[in-house]
Amino acid sequence: MKKHLFFYLHTGYWLLVLMQVLLVAIGTGVLGTTFNWHLFLSIVVPVKLLQTICSVLFFYFNYLLLIPYILKKGGIVKYVLSLLGGIVLFSPLYYLMEQVVYPSIGWKSYELDLDFSFAFIVTLSANFLNIFLGLLLSYLMDWRSIRAEKEVVEKEQLKTELAFLKSQVNPHYLFNTINDIYSLTQQQSEHAPDALLKLSEVLRYMLRESDDPYVPLSNEIEYLNNVIDLQKIGQKGSSYIDFSVSGKIAGQKIAPLILINFIENAFKHGVFKNSDEPIQIAINVDELAFHLHIRNKINIAKKDRTGGIGLMNVQRRLALIYPKRHELAIKQQEDTYIVDLKIGLYD
C-alpha cells in the first residue's frame, strides 16, 4: 500500500474513533443531566483526545514494532512476553494521565488513587481491543501483499506462456510458403514478385503488430487475406477458397494470430482443388460477438498422423485470453470438417 494512502486511512480511522468516543460521552451524559458546551469543550474533548493519543501510541508500538519484529520473527511466546513488557512500559504513562493530567483538566476517572498494579490493568483494558485490531490489520496486509505478489507472478507467467504459444504459430505454413515462392522464382513466374510482397506483409504483421495483446480486427482480416492469397498463388490458381467478411469490423479488436491455426488446418487437411466444394471461411461480427465459421472437405490422402499441436495451441491461447468469453466447436460430419468459433467482444 502506498505510504500516503496508508497515512490517510489510518488518520481517518483515528479521527472516527475520537468522534465516536465524543458522541458516546454526549449520549451517556458524563457531565450530568444538563449539557454544558463550555465544560464539554474544556474538559471532555481534551481528555478524550489525550486518551485517543495514548491508544494511538500503544497501537503503533504493537503494530509497527512488536508484531513485525517479534511475533513474525520470534514466535508467539516472545510476542506475549514482549506485549506484557510493553504494557508495563506504558503503565507509567497511563498512571500519569489518570493521576495528574486528567485531574488538572477537571476530570477524574477513579475516586481512589491508583497504584502501579491497577495502572497495569487500566493500560491493558484500554488497549485490549487495539491489540487484536493490530494483529488483524497486520495479517490482512500480509495477505494482501502475498496476493498482490502472486498476481504479479501469475501475470508474468501468463505473458511468458502466451509469448511461447505465439512463437509456435506458423512455422509449418512459413516453410511451405517459402518453398512455393522458391518454386515460382525457379519457373520465373509472374506471380513470384506478388507472392514475395504478400509474404513480407505477413512477416511484418507477425513480427511487429502481433506483440500487442489486441490488434484492430481489420488488420487481422487483412493478414488472413494475405495468407489465403499466398495459398492460392502457391497452388498456381488451383486453390478454391471462399473467404467472406460481414458485419461491423471497424473499431473492433482481437488477439493477434488467434485465427491462423484454423485457416492453416483447413489448408493442411482439406480439399482445396475442387471448385464445386471449396474451403469456406466466413467471418461475421455483430454487436456482441465475433464469429468464425470454417468448413472443408477432408483430404484423406493428407491425413496428418502427428496433428493436433496447432489446435491445442490455439485452444490454450483462447482459454488464457478469452476465459469464459469464447465458444469453440470443432466437429467432423462424415468427410466434412467444421469449425465454429465465437468470441465475446465485451466483458
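The shown structure was predicted, so the numbers you read here are calculated from the model rather than taken from an experiment.
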I'd like to check Val122 versus Tyr95 (side-chain heavy atoms, cut-off strictly below 4.5 Å). Are they in contact? no
Going by the rule salt bridge (charged side-chain N to carboxylate O under 4.0 Å, His left out), which residues pair with Lys72 if we only count those two or more places apart in sequence or in a different chain? Asp142
If two hydrophobic side chains count as joined below 4.5 Å and joins carry through other members, does Ile338 share a cluster with Leu341? no
Tell me, do Leu345 and Gln252 make a side-chain contact under 4.5 Å, heavy atoms counted? yes
Run the side-chain donor-acceptor check on residues 12-22: report pairs under 3.5 Å with partners two or more places apart or on a different chain.
unit_1 : atom_1 : unit_2 : atom_2 : d
Trp14  : NE1    : Tyr60  : OH     : 3.1

Hey, could you give me the CD1/CZ distance between Ile254 and Phe290, rounded to the nearest 0.5 Å? 4.0 Å
Can His293 and Asn284 be said to form a side-chain hydrogen bond (donor to acceptor under 3.5 Å, both in side chains), step by step? CA-CA 9 Å; His293 175 81; Asn284 175 259; over 6 Å; no
Heavy-atom pair with the smallest gap, counting every atom of Asp229 and Lys198: OD2-NZ, 3.2 Å
Can you hop from Met141 to Trp143 via hydrophobic side chains spaced under 4.5 Å? no
Give the intermediate values and the outcome of side chain to side chain contact (heavy atoms under 4.5 Å, CB included) for residues Leu311 and Phe262. CA-CA 7 Å; Leu311 287 179; Phe262 300 115; 3.8 Å; yes
Distance (rounded to the nearest 0.5 Å) between Ile241 CD1 and Ile263 CD1: 8.5 Å
Leu259 vs Leu292, test: side chain to side chain contact (heavy atoms under 4.5 Å, CB included). Steps then yes/no. CA-CA 8 Å; Leu259 309 174; Leu292 171 68; 4.0 Å; yes
Verify the neighbour count for atom OH of Tyr214: are there more than 12 heavy atoms of other residues, nucleotides or ligands below 6.0 Å? yes
Output for pair (Tyr240 OH, Lys232 NZ), nearest 0.5 Å, gives 10.5 Å
How about Leu318 and Ile343: do any of their side-chain heavy atoms sit closer than 4.5 Å? yes
Without swapping roles, check the side chain of Glu220 against the backbone of Leu257 for a donor-acceptor pair under 3.5 Å. yes
Short question: side chain of Ser91, backbone of Ile87 - any donor-acceptor pair under 3.5 Å? yes
In the structure I gave you, are the side-chain heavy atoms of Asn265 and Tyr337 within less than 4.5 Å of one another anywhere? yes
Donor-acceptor pair, distance only, cut-off 3.5 Å: does the side chain of Gln51 make one with the backbone of Ile53? no
With a 3.5 Å distance limit and no angle check, can you tell me whether Ser104 reaches the backbone of Val101 through a side-chain donor-acceptor pair? yes
I want to check something: taking the side chain as every heavy atom from C-beta on, are His269 and Asn299 in contact at a cut-off of under 4.5 Å? no
Ignoring hydrogens, what is the shortest heavy-atom contact between Ile321 and Ala255? Give both atom names and the distance. CD1-CB, 3.8 Å
Non-neighbouring partners of Ile76 that pass side-chain contact (heavy atoms from CB on, under 4.5 Å), sequence neighbours left out: Leu71, Tyr79, Val80
How long is the span from the OG atom in Ser200 to the CG atom in Asn226, to the nearest 0.5 Å? 8.5 Å
Once you measure the plane-to-plane angle for Phe61 and Phe90, does it fall in the parallel (<30°), tilted (30-60°) or perpendicular (>60°) bin? tilted
Describe, in one word, how the ring planes of Phe59 and His10 are oriented to each other, choosing from parallel (under 30°), tilted (30 to 60°) and perpendicular (over 60°). tilted
Crowded around Tyr139 OH? As in, over 12 foreign heavy atoms under 6.0 Å? yes
Within the 4.5 Å heavy-atom criterion, are Val227 and Ile260 side-chain neighbours or not? yes
Dump the intermediate steps for side chain to side chain contact (heavy atoms under 4.5 Å, CB included) on Leu328 and Gln315, then the final yes or no. CA-CA 8 Å; Leu328 176 61; Gln315 286 172 336; 3.6 Å; yes
Check the pair Val215 / Tyr223 against side chain to side chain contact (heavy atoms under 4.5 Å, CB included), numbers first and verdict last. CA-CA 11 Å; Val215 297; Tyr223 162 70; over 6 Å; no
To the closest 0.5 Å, what do you measure between CD1 (Ile279) and CG (Asp242)? 10.0 Å
Using the side-chain hydrogen bond (donor to acceptor under 3.5 Å, both in side chains) rule, take Ser218 and Glu222 through it: C-alpha gap first, then chi angles, then the decisive distance, then the call. CA-CA 6 Å; Ser218 58; Glu222 182 181 358; over 6 Å; no
Please determine whether residues Leu137 and Leu129 belong to a single hydrophobic cluster, defined as Ile, Leu, Val, Met, Phe, Trp and Tyr linked transitively by side-chain heavy-atom distances below 4.5 Å. no
Tell me yes or no: between the side chains of Ser183 and Gln187, is some donor less than 3.5 Å from an acceptor? yes
Would Phe243 and Val271 show up in the same hydrophobic cluster when neighbours are defined by side-chain heavy atoms closer than 4.5 Å? no
Taking C-beta and beyond as the side chain, do Asn225 and Val245 meet within less than 4.5 Å on heavy atoms? no
Linked, directly or transitively: Leu224 and Leu197 (ILVMFWY side chains, under 4.5 Å): no
Give the minimum heavy-atom separation between Ala266 and Ile294, together with the two atoms involved. CB-CG2, 4.0 Å
With a 4.5 Å limit on heavy-atom distance, are the side chains of Ile105 and Leu50 in contact? yes
Which heavy-atom pair separates Phe120 from Leu84 by the least distance, and what is that distance? CE1-O, 4.0 Å
Compare every heavy atom of Phe58 with every heavy atom of Leu83, then report the nearest pair and how far apart it is. CD1-CZ, 4.2 Å
Nearest 0.5 Å please: distance from the CG atom of Leu196 over to the CG atom of Leu203. 10.5 Å
Write down the atom of Cys54, the atom of Met97, and the distance for their closest heavy-atom approach. SG-CG, 4.0 Å
Checking the side chain of Ser138 only, and the main-chain atoms of Leu135 only, is there a donor and an acceptor separated by less than 3.5 Å? no
